[in-house]
Asks: 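Below are the structure tokens for one structure; questions will follow.
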Protein chains: 2
Amino acid sequence: MREITHLVARFREAGLKITPQRLSICHLLKDDRTHPSAEEIYHKALEIHPSISFTTVYKTLQTLRELGEIQELNVDPERVHYDPEVRDHAHFFCQSCKSLVDLEMDPLNAWMMADLFPQVEDMEVHHTQIHMVGLCPKCRDKKPEA
Amino acid sequence: MREITHLVARFREAGLKITPQRLSICHLLKDDRTHPSAEEIYHKALEIHPSISFTTVYKTLQTLRELGEIQELNVDPERVHYDPEVRDHAHFFCQSCKSLVDLEMDPLNAWMMADLFPQVEDMEVHHTQIHMVGLCPKCRDKKPEA
DNA sequence: GTTGGTGCAAATAGTTTGCACAGTT
DNA sequence: AACTGTGCAAACTATTTGCACCAAC
């Protein structure tokens with residue numbers, strides 16, 4: 001997700017209006033590395049706009065996704081999470097505490113990915129999601145099993 | 001997913017009963033490389049057991065997942081898909097026709113994955129999902145854009 | 001006979017939409 | 001003024017559960 005000024009320009013180009021709600025949602029997303037769900041973004045937005053609706057949040061997220069400014073993550077079977085970082089990178093999802101953290105991937109490796117899967121030569125790949133699922137250190141220690 | 005005889009043994013060990021419905025679902029899954037959804041499996045099962053319920057299919061899928069005989073794929077935001085192949089491998093999901101195909105990955109590369117993400121050393125990784133999302137050759141040609 | 005399974009129907013929850021009014025341009 | 005965005009409420013859909021009866025063991 002790019003600078004707010006850039007987002008504003010993109011909204012204008014697309015004939016979309018700049019509303020306080022949208023701006024707030026953009027600001028909220030920009031600094032959030034926690035991969036929030038729509039619901040979580042809605043609750044944070046409520047603190048700024050006590051009368052904002054979930055619908056507005058939802059539609060804004062759709063808009064930002066269509067503009068390619070955020071990406072949706074489908075790791076958590078229970079809900080979609082949103083990520084302001086659109087460059088391909090990996091994620092670790094903890095099945096216990098549901099936390100979702102970035103896994104850095106150096107550009108060289110990212111570039112190598114396509115080579116690992118020669119079959120995708122025929123496909124038009126829009127994005128790649130690499131998800132590791134399991135238990136984070138905290139949750140692993142909580143459940144010592146036996 | 002292993003041989004049916006092996007599955008039967010595992011059911012017994014776990015104190016689970018061998019019912020015709022379960023056996024049929026296992027057979028259906030075993031030969032299916034299309035990554036069906038629960039609904040699709042249900043419809044195939046209906047042809048064998050005209051009175052089978054979605055609930056039974058659903059619960060059997062849960063059981064097989066708990067036994068580690070199948071894995072759930074979270075690529076399609078609209079529904080969960082099931083895969084009888086539990087070894088780590090990648091998938092390509094077509095956003096247009098919703099097809100989901102396997103991307104082979106040689107064992108060496110699979111093994112390398114962990115090295116690409118040093119951060120996961122602290123995590124207990126249960127499984128890895130690599131998803132490439134975009135358009136398959138057919139759908140790409142259908143939408144020539146401009 | 002005991003225990004777990006099946007199937008029906010209803011509940012749950014995340015997501016999506018229709019529409020009237022309000023705000024941006 | 002024109003047109004898009006907002007917010008409410010309702011619809012939708014995949015998923016999950018409670019429970020009475022049935023079947024495997």
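In what follows, every chain begins at residue 1, and chains take the letters A, B, ... in the order their sequences are listed.
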Asks: Could you check if a side-chain atom of A:Y42 sits within less than 4.5 angstrom of a side-chain atom of A:P36, using non-hydrogen atoms only?
Replies: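 No, every pair of side-chain atoms sits at 4.5 Å or beyond.
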Asks: I'd like to know if B:R65 and B:E72 make a salt bridge, using a cut-off of under 4.0 Å between side-chain N and carboxylate O.
Replies: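 Answer for the salt bridge query: yes.
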Asks: At the 4.0 Å heavy-atom cut-off to chain A, mark where contacts on DNA chain C begin and end, going 5' to 3'.
Replies: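 Contact boundaries, 5' end first: C:dG14 to C:dT25.
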Asks: Quick one: does any side-chain atom of B:D76 pair with a main-chain N or O of B:E78 as donor and acceptor, under 3.5 Å?
Replies: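 Judged by distance alone, yes, a pair lies under 3.5 Å.
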Asks: Tell me, do A:C26 and A:E69 make a side-chain contact under 4.5 Å, heavy atoms counted?
Replies: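 No; the side chains remain at least 4.5 Å from each other.
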Asks: Considering only residues two or more places apart or on different chains, which pairs with a residue in residues 33-58 of chain A satisfy salt bridge (Lys or Arg N to Asp or Glu O under 4.0 Å)?
Replies: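 Qualifying pairs, neighbours excluded: A:D32-A:K44.
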Asks: Which nucleotides of nucleotides 9-17 of chain D have their base under 4.0 Å from a protein heavy atom (B), which only their sugar-phosphate (S), and which neither (-), written as one string 5' to 3'?
Replies: B----SSBB
Asks: What is the ring orientation for B:H91 with B:H131, classed by angle as parallel under 30°, tilted 30 to 60°, or perpendicular over 60°?
Replies: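 Aromatic pair B:H91/B:H131 classed tilted.
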Asks: Between C1' on D:dG5 and CD1 on A:I25, what's the gap in Å once rounded to a whole number?
Replies: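 Answer to the nearest Å: 11 Å.
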Asks: Donor-acceptor pairs are to be reported for all side-chain atoms of residues 48-60 of chain A against protein atoms at under 3.5 Å, with residues two or more places apart or in another chain.
Replies:
{"residue": "A:H49", "atom": "NE2", "partner": "A:P20", "partner atom": "O", "Å": "3.4"}
{"residue": "A:H49", "atom": "NE2", "partner": "A:S24", "partner atom": "OG", "Å": "2.8"}
{"residue": "A:S53", "atom": "OG", "partner": "A:T56", "partner atom": "N", "Å": "3.1"}
{"residue": "A:S53", "atom": "OG", "partner": "A:T56", "partner atom": "OG1", "Å": "3.1"}
{"residue": "A:T60", "atom": "OG1", "partner": "A:T56", "partner atom": "O", "Å": "2.8"}

Asks: Is any side-chain heavy atom of B:V120 less than 4.5 Å from a side-chain heavy atom of A:L103?
Replies: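 Yes, close enough: below the 4.5 Å cut-off.
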Asks: Is the closest side-chain heavy-atom distance between A:L16 and A:T63 below 4.5 Å?
Replies: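 Yes, side chains in contact.
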Asks: Polar pairs (N or O, both sides) under 3.5 Å between protein and nucleotides 22-25 of chain D?
Replies:
{"residue": "D:dA24", "atom": "N3", "partner": "B:K17", "partner atom": "NZ", "Å": "3.4"}
{"residue": "D:dC25", "atom": "OP1", "partner": "B:I18", "partner atom": "N", "Å": "3.1"}

Asks: Do the side chains of A:V125 and B:F92 get nearer than 4.5 Å, heavy atoms only?
Replies: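 When only atoms from C-beta onward are counted, A:V125 and B:F92 do touch, with a gap below 4.5 Å.
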Asks: Determine whether B:D83 and B:D102 satisfy the following criterion, side chain to side chain contact (heavy atoms under 4.5 Å, CB included), listing intermediate values before the conclusion.
Replies: CA-CA 10 Å; B:D83 193 339; B:D102 284 326; 3.9 Å; yes
Asks: Can you find a pair of side-chain heavy atoms, one from B:F117 and one from A:M132, that are under 4.5 Å apart?
Replies: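 A side-chain contact exists here, since the closest heavy-atom pair is under 4.5 Å.
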Asks: What is the bend of the helix from C:dG1-D:dC25 to C:dT25-D:dA1 when you compare the axis at one end with the axis at the other, using five pairs each and rounding to 10°?
Replies: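 Roughly 30° between the end axes, to the nearest 10°.
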